[in-house]
Amino acid sequence: MKQYECRKVENCFSGANIYEYRLRIKADEGFLENFTSVASLKYYKNFPRPCFQATLSDGTTLKGVIADSVIRVSFPDNQPHSSKDNFEILLETLLKQQADGRER
């Protein structure tokens, strides 16, 4: 069973490759730190709703509010489907690691 729900974000740019992922956990700083080995991660803690942005090496960008269960992911225009597939494999791996760590 997948650890998340995914839906394409509808907007005025029909070619935009933006998806919303609803996780079964909150994307807190502990979970986000797992991305540091594969992405450049920036925190914006001084905002009224602290948020983050992570950019993977292929240009995939994640954005969300810290301690929320929803993240938005935009995939690069070149090969968006393979980038999405790769991201979902990574996400599943990190979510499984997170779940295994909480069970101990």
Between Arg24 (side chain) and Lys2 (backbone), is there a donor-acceptor pair under 3.5 Å?
yes
Quick one: pull up CG in Asn46 and SG in Cys51 and give me the separation to the nearest 0.5 Å.
10.5 Å
Would you sort out whether Leu56 and Leu90 count as a side chain to side chain contact (heavy atoms under 4.5 Å, CB included), showing the intermediate values?
CA-CA 11 Å; Leu56 293 134; Leu90 172 65; 3.7 Å; yes
Less than 4.5 Å apart, side chain to side chain, heavy atoms only: is that true for Lys26 and Ile66?
no
Do you know the tightest heavy-atom contact between Phe31 and Asp28?
N-OD1, 2.9 Å
Answer yes or no: does atom CD of Gln53 have more than 12 heavy-atom neighbours from other residues, nucleotides or ligands under 6.0 Å?
yes
Contact check, side chains of Phe47 and Val65, non-hydrogen atoms, under 4.5 Å
no
Side chains of Thr60 and Pro76 in contact at under 4.5 Å (non-hydrogen atoms)
yes
Taking atom CD of Glu29 as the centre, does the number of heavy atoms from other residues, nucleotides or ligands within less than 6.0 Å exceed 12?
yes
Common cluster, Ile25/Val73, ILVMFWY with side-chain heavy-atom separation under 4.5 Å
yes
Could you measure the distance from the CZ atom of Phe52 to the CG atom of Asp68? Nearest 0.5 Å is fine.
9.0 Å
Shortest non-hydrogen separation from Cys6 to Tyr19 and the atoms involved:
SG-CD2, 3.7 Å
Give a yes or no on whether the backbone of Gln3 and the side-chain of Glu92 come within a donor-acceptor separation of less than 3.5 Å.
yes
Over 60° means perpendicular and under 30° means parallel, so tell me whether Phe35 and Phe87 are parallel, tilted or perpendicular.
parallel
What's the spacing between Lys63 NZ and Ile18 CD1 if we round to 0.5 Å?
8.0 Å
So how far is it from Arg22 CZ to Ile71 CD1, rounded to the nearest 0.5 Å?
11.5 Å
Side chains of Leu32 and Leu62: does their closest heavy-atom pair fall under 4.5 Å?
no
Side chain of Lys42, backbone of Thr55: donor and acceptor closer than 3.5 Å?
no
Approximate separation, where rounding is to 0.5 Å, of Tyr4 OH and Glu20 CD:
14.0 Å
With a 4.0 Å cut-off on N to O distance, would you call Glu88 and Lys84 a salt bridge?
yes
Between Asp77 and Pro80, what is the shortest heavy-atom contact and its length?
O-CD, 3.3 Å
Against Asn34, only a single residue in Leu41, Leu95, Leu94 fulfils side chain to side chain contact (heavy atoms under 4.5 Å, CB included); can you say which?
Leu94
